[in-house]
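Report on one structure; see the data block that follows.
Note that these values count all heavy atoms, side chains included, but never hydrogens, waters or copies made by symmetry.
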Amino acid sequence: MVGGPQGSGVDSAAQLFAQTVSRGGLNVWGQREYYSNIKGKHSYTKIRMSEDEIHSPVDRVHFLATYESETLARHVQDHRALVGGGGVLYDPSHTDETIADIRFMDHRVKADIAEEYGQPADEITIQQLLDDAAADGVRLFAFPYEELQKDIADELGMDDHNRLQILKNTMATAASIAMIEFGLEHLNETIDAIFGDKSDRIVEMNKVAAEHSAQYMRDNYEPFEHTIAPAEPDEERLFMQGTDAVALGKMVAGCRMQTYYPISPATDESVYLESKPGSDVVVVQTEDELSAVDMAIGAALTGARAATSTSGPGVNLMVEGLGFAGLCEVPLVLVDYQRGGPSTGMPTRTEQGDLQFALSLGNGEYPRLVLAPGDLDEMFHDTIDAFNLAERYQTPVLMLPDKDLAGNNHTVETFDVDEAEIDRGKLFDEDELAETEWRDDADRHPRFDTTEDGISPRSVIGQEGGIHWLTSDEHTEIGHITEDVVKREEIMEKRMEKIETAREEIPDDRMVRRVGPENAEVTFVTWGTPKGAVLDAMEVANEDGDLVNLVQIRVLSPFPNHVIDDVLDEATNAVSLENNYTSQLARLVREQLGRGFDHRAVKYNGRPIMQNEVLDIVDDVRKDAPDRIVLRGGI
Amino acid sequence: MVGGPQGSGVDSAAQLFAQTVSRGGLNVWGQREYYSNIKGKHSYTKIRMSEDEIHSPVDRVHFLATYESETLARHVQDHRALVGGGGVLYDPSHTDETIADIRFMDHRVKADIAEEYGQPADEITIQQLLDDAAADGVRLFAFPYEELQKDIADELGMDDHNRLQILKNTMATAASIAMIEFGLEHLNETIDAIFGDKSDRIVEMNKVAAEHSAQYMRDNYEPFEHTIAPAEPDEERLFMQGTDAVALGKMVAGCRMQTYYPISPATDESVYLESKPGSDVVVVQTEDELSAVDMAIGAALTGARAATSTSGPGVNLMVEGLGFAGLCEVPLVLVDYQRGGPSTGMPTRTEQGDLQFALSLGNGEYPRLVLAPGDLDEMFHDTIDAFNLAERYQTPVLMLPDKDLAGNNHTVETFDVDEAEIDRGKLFDEDELAETEWRDDADRHPRFDTTEDGISPRSVIGQEGGIHWLTSDEHTEIGHITEDVVKREEIMEKRMEKIETAREEIPDDRMVRRVGPENAEVTFVTWGTPKGAVLDAMEVANEDGDLVNLVQIRVLSPFPNHVIDDVLDEATNAVSLENNYTSQLARLVREQLGRGFDHRAVKYNGRPIMQNEVLDIVDDVRKDAPDRIVLRGGI
Amino acid sequence: MASVTDFKENEIENDWCPGCGDFGILNSIQMALADLDVEPHNVGLFSGIGCSGKTPHYVKAYGVHTMHGRVLPTATGAKLANPGLEVIAVGGDGDGYGIGAGHFVNAGRRNLDMPYIVFDNEVYGLTKGQASPTLDLGEQTKSLPEPNINDNVNPIATALAAGYTWVGRSYAFDVQHLKRMVKEATLHKGAALLDVLQPCPTYNDLHDKDFYSESSVPATGMPRVYKLEEEDDYDPYVQDPSDEEEVNAKKAQAFTRSQEWGERIPIGNFYKIDLPTYGERLEGRLGEYGPENAPAVEDWHDDGEPTADIDDYLEEKTVW
Amino acid sequence: MASVTDFKENEIENDWCPGCGDFGILNSIQMALADLDVEPHNVGLFSGIGCSGKTPHYVKAYGVHTMHGRVLPTATGAKLANPGLEVIAVGGDGDGYGIGAGHFVNAGRRNLDMPYIVFDNEVYGLTKGQASPTLDLGEQTKSLPEPNINDNVNPIATALAAGYTWVGRSYAFDVQHLKRMVKEATLHKGAALLDVLQPCPTYNDLHDKDFYSESSVPATGMPRVYKLEEEDDYDPYVQDPSDEEEVNAKKAQAFTRSQEWGERIPIGNFYKIDLPTYGERLEGRLGEYGPENAPAVEDWHDDGEPTADIDDYLEEKTVW
Ligand SMILES: Cc1ncc(C[n+]2csc(CCOP(=O)(O)OP(=O)(O)O)c2C)c(N)n1
Ligand SMILES: Cc1ncc(C[n+]2csc(CCOP(=O)(O)OP(=O)(O)O)c2C)c(N)n1
Ligand code: SF4
Ligand code: SF4
Ligand SMILES: [Mg+2]
Ligand SMILES: [Mg+2]
């Protein structure tokens, strides 16, 4: 783990470290936590790595690197952040700072520390916390940044070592790499990759800094207990964050129009697309989210594949547009990167709080599909699916990842692009339409023809012979306004029928992913990100038996009723697991099936669900757990 | 029933008739149907009247008055609109018009008539339809408007009878009144009331027209079979539409700030308030609904009681503001007059399609109360409750009437204003606060204090000593931004606890109204307007036994779980009844209780549920009805 | 070539009130389209919600009757996705300058090649005559219970401030002038605002046909509405867009004229400048962009096989 | 009387970037409030979302940090409900001229007695530096991957077109001038827009302190920013609001100045006119309206008994 003030470069340190170990052949899982702030507040990134696949964060790390006090105060003292026998790399020059001195640290944390120590906050020094940690078995690695910078400046032939502040990140990374004995080779490779196109001098500076830092550690400290070596795997691995996976999925899916209004954590996706003009995606930054969704709708009406991405507060403003798209049967793809709510909420923290909202947003009733990817690979493939489903069922498709999946970097098996297929649904082609005599009203193509499966063949603006109308009022088959009781019933029934068609057509194993032994003692039913923690917990829990299995619901609307009914029939202990307060999935299951879970595990403090928390649930459920289990982990 | 083109004055005729009979001591239930159009399209009003209370429309009327063809084509031909033995008043001068000539009539209706007659639409005349109706036992009352106008002009000493077109409405009304033998006395009284402040001449013209028309009918036709006499009841009765009842409730509740953006069918409420400057309500027409809800929030923050009213499409734009109000614990009252959806939908038609939306609108999670009034008296009293509950639980309260309740005129027992009470909840008073030393951070009043019941004492902007902050971000007790895990959990738990407190505190009989025999064979569970149809059906069905009872859920959030659980335990045949497609109440019941209904009756063609439809359900359920019963009545 | 009749849709009855100015606008649009020699299926006529919003239903072309206030973003999306279409946005004054004002202002900044025609009747027609944003302070139409409590926006001035590169006004009952303005606005390469003075006989008894064009103003003996193009000293066109001084002067001149309202009301083109359109800017960014190379062109799959090549992007992300 | 220190809130740490122009604006507001002799509990400081949106948390007064783009309606509601409060609205340029543009335009029409201070840094600060509506076409701040593809809005011109009765600009690092402008805008009876040039050292490297005030413009040898009040020939104030000619001339003059941007950038008051405020108009409508007679005054119940008298209204509806 590396921590420090936002904007000070901790982020680069984390990137450097994670890229280094991933380039060294390890699987990596990152968890970055930061405030809705540009500069100064506490930020940290945990990086898990292993030769085996990993899918979730854990609470405690083996090694913590920083250069400032807040990270130490929060993570060392807490005992939650470090495993016993772990190590801390810190700057010894300001360990006489007190808790009270730490500018941005929450009053709550200060008060808790003060209470724990039975001393006023302005008397508790960082050194005291470090000593305490040491007493708990944590190894302290004092690392004199400034002195080392002087040496580095000397070697580089520079007068002013203060200009090397920026190297702190590389120094901390190199020192950490040295301690875990990973070797500097991959670090240097990463330095080349990251700084290579800036300047040779920058590369040199970083490499010299890395070497010095590593050397210092080797010279001054006994080997660290927890080491890890590079691996040499055969398959390919990508290293990216969730928004990248969605952006790449969009390119493959043929999405050529992306609208957005900046919002955390969705912006990154659009910025990535914008940075690849070669992908031919027209990316439009709009004046607000009302406009973003409507522009995408306008584009979709011309036959283009169009999408918009946002987060909860932006979805609030897209409710209107989605209703129009639902009524007018517009294929529209919306990615809602959920974050802590309600309202502006906690813009940079994770949550799965928008499920029920997604299922019923908009006045009146219309069909919609809701997909929930749970890892990078699903982010990529679900995105492609989303466009196919949107065109197949001619209705909005909402994808609901979350901040945790969106903004964290992980390694993932390279995407199987060849698997991707395009399904445009019932789209009229030019030739068919050309035969239509548009001047004769009777011979026109009825855009909203009432068919058995609810899906009508579709023409798009610009196609000869396909002229029709779209209106936000209820309409006839050709798209003119109607208020006739019979027409209304027909068109409403046709429209709503599509969701039943989708329920029948989408394969069970696309709707629900089941992993693990069949007759496990504890069955976790979840959606989205938390599946990773279950997968990792399963690895541990099932070592001696068939303790845990996983049911990941990937399509929430249409709901896979009979599959989940079977799951609940079979389960010994069914536990719902989600990152929200009211167990929204569990509510959905009960609405759909009239039955509940043995336990509902929830977490709503803005932090992701961790492997160890799932293991704790397994323990508790086997003993005697309450119906509702609240997870409170995270910093 | 009276029908004719929108904007031609049919509305006035209906008003005149309804007021006349209500002034004559009868109970009246109006149902007005019209297009989203200013002039020309078909509009009609059914008026039910009785010495007994009535609460719903029926499909067939005894007497139909009109002066144009579309009304005849739709309502006479249909056989749905007239009871056998009923009568039609019509203008004989254009009965040679054909179905095809009728400009605005839906193609569907024309095609259906053509099919029924096995003739092209341009060969079927109105006369044909009339003859057909006569053959079915309908009495035809030809009423030569123009000739009579000439007589009237003569009597009034006017040259040009064409200027008397406007009297058509009074003429039709008077003729109808004459036929049902109600006597002209109350009509003249109504003419005085309506035209009195215009001019004496206008009053005279109308009275002369009325007398002539009545005389014509008496001279030319045998007495009509269905007559009704004025009554002389003791109690007081009001005659008004639902939006008036809400407006009056707001005045009593102390609402002094009402914001709105024009939208059918909500506008009338604000216009009514605007027309009463003496009520001291500041009514602001805003630039859109985003602004309307936010302005009301801003006002509420100063301690004012503030509200906004809209319909579904407007709610879409209020989602954002409601989330802010939920997070910041702002007492806000929103009335959503539901109309046909989704999207712009059917602006002037009724529906109860927004329940699920209301329950989960907004990203993330926050508590809200949802009330559903089902008649004028409940409109009035629920409105007052809404403000009390909003302040008591410091959170948004949504009221969900519908177009049918909003826009139709009925008689109602006069409101018991004395019953009204004001509960401002935990509001700090000046004296308490004055002791707070605001300059000292430690001695401040923590606006969002974490209390057991989730409710914190509240100060408002402008109160000395009460300074605090409000932010759409998650916040501390004083209202500053926080992302701390512990604070977040505390404040979130406190906030969500309020809904549990409300569930415990609101009395069962406030949440649910039960009417009828305990052990009925069929139990209708409904919300809002459809309760009227059940009440009326009960009158008929229970004449020979305990066949039907009614469970009206008046508070949808918090949901009255144990009450409804008991209801379902006791019910022989539980039938949910609502004006939407997906049985939203039934879904809510299943989500809350994990159990369903024996039958779900729905209607989604934009027309209200009628007494006779409920009776049909009773019949069907006692024989063999499907799980889902679709009601298709209405024109 | 499509005729005016080809642009008339018959399946639905026009339900505007008799005498409504909307009829004049509808006819002008149909005439302009016929003149412009465009095929109905290449036209996308977008509208908001209101009486005005019903316009597309009466035109035989692809018609999109969107949501209240949202005509600009929706039309913008279509035009961006298929720049080969003739996309025209229309709507009411409440729709455009009230609930849609945010889009109105921001569309100016984009300078997308698309005309926006606003039916300016000073009321919310379809909701029964409330004051719209163009009704002046203190005015009371017959539909209002009290005089208007809000000041009015000046659409011409606002469009100038927002960056529209063609700004004009016309009058619903001068169909020839209006047709000409619709054509000019449509042919202009860039964002064009055409505000149309539209009598609403049902609700607005202040500014009706009589007010605008029939009765003459006592002081002048002339109808109120006059044409800018008939003024000797008025030239709306910026000859040299790079000449800041000319730009500022022409804009200021237009701003000043836009304040004229009373005995004389100018119609015509207030301001016109040729600047790079949004499409041209996109072309600069993407390398290629145009009717043959735009989102609506289905070149991204081959019979169900995606043709996008993301190998390079994957390569950049590959760690092992 | 409250001092500047009384208006400083200490429980929360200010987390703006070092060198941010927001500090200057914050200080100016606190200084102006102290000068205005208003009690902290009678101040409602409303903001939108963005770096700028955090301002209220740093001021000891009732602070309402609303939603993105919604500061104007929310603040308007508070001011209408309690006209005795000193309600001040602040927010970012993205917040006000982008997502909030519809409210911005329509607030002008209302002329509510309330100042609106916009922190104009030409970027979306809090979301990491995307172009805001005031960044000019083709400009590329260090945070942008490509030059800006949109033209900019001109806030001064837009405010003039929308009907603001006080329109001004100031500069974040000229704290004395800024304080004066904040006071003027606050004291003005009507809707006041104060656009503040606000350097964002983190994302906007084009228009920084150096650009605005420190380095001198080669051509003139002077700093770019100059004060309108120091210009001999500039008088923003409309002496006679009923004199249409004067109004038009003063507005046109302001419009022309608003286009000046380059070697010389004017700050100060561009335009000021005294017109009836929304409060005064409401008073006209309701008979009584003011601090003692407004929605926030709790005179509508007596210890839980409603005091509203609706008997007349019920009587009107009574049929038997
Ligand atoms: C979100 C939303 N709010 C309100 C309405 C109700 N509404 C329909 S039309 C209209 C105003 C129409 O006025 P304008 O735009 O001037 O068009 P006009 O009818 O005058 O042509 C309103 C407020 C709506 N359809 N949607
Ligand atoms: C509805 C909504 N959309 C997007 C966001 C994300 N967001 C937060 S601040 C911001 C822009 C801030 O820019 P500006 O208003 O200029 O303020 P600054 O940070 O520059 O002071 C955005 C887009 C949001 N909070 N809410
Ligand atoms: S209400 Fe006015 S704008 Fe609408 S159709 Fe009638 S005349 Fe035209
Ligand atoms: S990002 Fe810019 S505007 Fe925001 S705090 Fe930093 S310097 Fe100020
Ligand atoms: Mg209008
Ligand atoms: Mg900004």
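- Residues D/Val64 and B/Trp469 fail the side-chain proximity criterion, which asks for heavy atoms closer than 4.5 Å.
- Side-chain contact between B/Met257 and D/Leu80 is present, with heavy atoms from C-beta onward closer than 4.5 Å.
- Between B/Leu470 and D/Thr66, every side-chain heavy-atom pair lies at or beyond the 4.5 Å cut-off.
- Every side-chain contact (heavy atoms from CB on, under 4.5 Å) that D/Asn42 has, sequence neighbours left out, goes to D/Val38, D/Glu39, D/Leu85.
- Looking at D/Asp311, there are no atoms closer than 4.5 Å to chain B (heavy atoms on both sides), in backbone or side chain.
- Contact count against chain B (heavy-atom pairs under 4.5 Å) is highest for D/Pro73 among D/Gly53, D/Pro73, D/Ala107.
- Side chains of B/Glu287 and D/His103: a donor-acceptor N/O pair is present below 3.5 angstrom, by distance only.
- Between the side chains of D/His68 and B/Glu320, not a single donor N or O lies within less than 3.5 Å of an accepting N or O.
- The greatest number of non-hydrogen atom pairs below 4.5 Å with chain B, out of D/Gly63, D/Ala308, D/Ala61, is found for D/Gly63.
- In terms of heavy atoms, D/Pro295 sits closest to B/Arg256 at CG-O, 3.3 Å.
- A salt bridge does not link D/Lys317 with B/Glu236: every distance from a Lys NZ or Arg NE/NH1/NH2 to an Asp or Glu carboxylate oxygen is 4.0 Å or more.
- Interface remark: B/Ala253 contributes backbone atoms only to the contact with chain D (heavy atom separation under 4.5 Å).
- One distance of note links CD1 of D/Ile49 with CG of B/Asp473; it measures 5.0 Å at 0.5 Å rounding.
- For B/Phe387, no part lies near chain D; criterion is any non-hydrogen pair under 4.5 Å.
- Shown here for D/Tyr62 and B/Ile467, the closest heavy-atom pair between the two residues is OH-N, 3.4 Å.
- Minimum heavy-atom separation, D/Ala81 to B/Ala304: CB-CB, 4.0 Å.
- Interface summary for chain D: among B/Asp423, B/Leu301, B/Leu248, the most heavy-atom pairs under 4.5 angstrom belong to B/Leu248.
- Atom CD1 in B/Ile461 sits 4.0 Å away from atom CZ in D/Phe46 (nearest 0.5 Å).
- Within the model, atoms OG1 of D/Thr74 and CE of B/Met295 stand 9.0 Å from one another, a figure rounded to the nearest 0.5 Å.
- Heavy atoms of D/Leu314 lying under 4.5 Å from chain B belong to its backbone as well as its side chain.
- The candidate from B/Ala420, B/Pro277, B/Ser291 with the greatest count of non-hydrogen atom pairs under 4.5 Å with chain D is B/Ser291.
- Pairs passing the salt bridge (charged side-chain N to carboxylate O under 4.0 Å, His left out) check and including a residue from residues 95-109 of chain D, sequence neighbours excluded, do not occur.
- For the options B/Thr286, B/Val28, B/Asp244, B/Thr414, heavy-atom pairs under 4.5 Å to chain D are most numerous at B/Asp244.
- Annotation: side chain of D/Glu11 is in contact with side chain of B/Arg444 (closest heavy-atom distance under 4.5 Å).
- Contacts of D/Val59 with chain B are made by backbone atoms alone, with heavy-atom separations under 4.5 Å and no side-chain atom involved.
- No part of B/Thr259 comes within reach of chain D, as not one of its non-hydrogen atoms sits under 4.5 angstrom from that chain.
- Ranked by heavy-atom pairs under 4.5 Å with chain D, the list B/Val282, B/Ile297, B/Asp234 is led by B/Val282.
- Of the two parts of D/Glu315, neither the backbone nor the side chain holds a non-hydrogen atom closer than 4.5 Å to a non-hydrogen atom of chain B.
- For chain D, the nearby parts of B/Val252 are the backbone and the side chain; heavy atoms of each come within less than 4.5 Å.
- The candidate from D/Asp299, D/Val43, D/Ile310, D/Val319 with the greatest count of non-hydrogen atom pairs under 4.5 Å with chain B is D/Val319.
- When each of B/His186, B/Glu189, B/Glu232, B/Arg424 is scored by its heavy-atom pairs under 4.5 Å with chain D, the top score falls to B/Arg424.
- Counting heavy-atom pairs under 4.5 Å between each of B/Glu235, B/Arg23, B/His468 and chain D puts B/His468 at the top.
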For side-chain hydrogen bond (donor to acceptor under 3.5 Å, both in side chains), just list the numbers for D/His301 and B/Glu421, CA-CA rounded to whole Å, side-chain angles, deciding distance to a tenth of an Å, and then say yes or no. CA-CA 9 Å; D/His301 75 110; B/Glu421 273 175 34; over 6 Å; no
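- Contact of B/Asn409 with chain D is not made at all, since no heavy-atom distance falls under 4.5 Å.
- Within the 4.5 Å cutoff, no side-chain heavy atoms of B/Thr302 are placed close to those of D/Lys79.
- With values rounded to the nearest 0.5 angstrom, B/Ile481 atom CD1 is found 5.5 Å from D/Lys54 atom NZ.
- Annotation: side chain of B/Lys276 is not in contact with side chain of D/Asp312 (no heavy-atom distance under 4.5 Å).
- With D/Trp320 contributing its side chain and B/Ser22 its backbone, the two residues share a donor-acceptor pair below 3.5 Å.
- To the nearest 0.5 angstrom, D/Tyr313 atom OH is 15.0 Å from B/Phe415 atom CZ.
- In this structure, the portion of D/Glu298 lying under 4.5 Å from any heavy atom of chain B is its side chain and not its backbone.
- With a 4.5 angstrom heavy-atom cutoff, B/Val460 touches chain D only via backbone atoms.
- Here the straight-line distance linking atom NE2 of D/His65 with atom SG of B/Cys328 works out to 10.0 Å at 0.5 Å rounding.
- When heavy atoms are compared at a cutoff of 4.5 Å, B/Val281 approaches chain D solely by way of its backbone atoms N, CA, C and O.
- Considering only heavy atoms from C-beta on, B/Asp280 stays 4.5 Å or farther from D/Glu288 through its side chain.
- Within the 4.5 Å cutoff, the side chain of B/Met251 has no heavy atoms near those of the D/Trp300 side chain.
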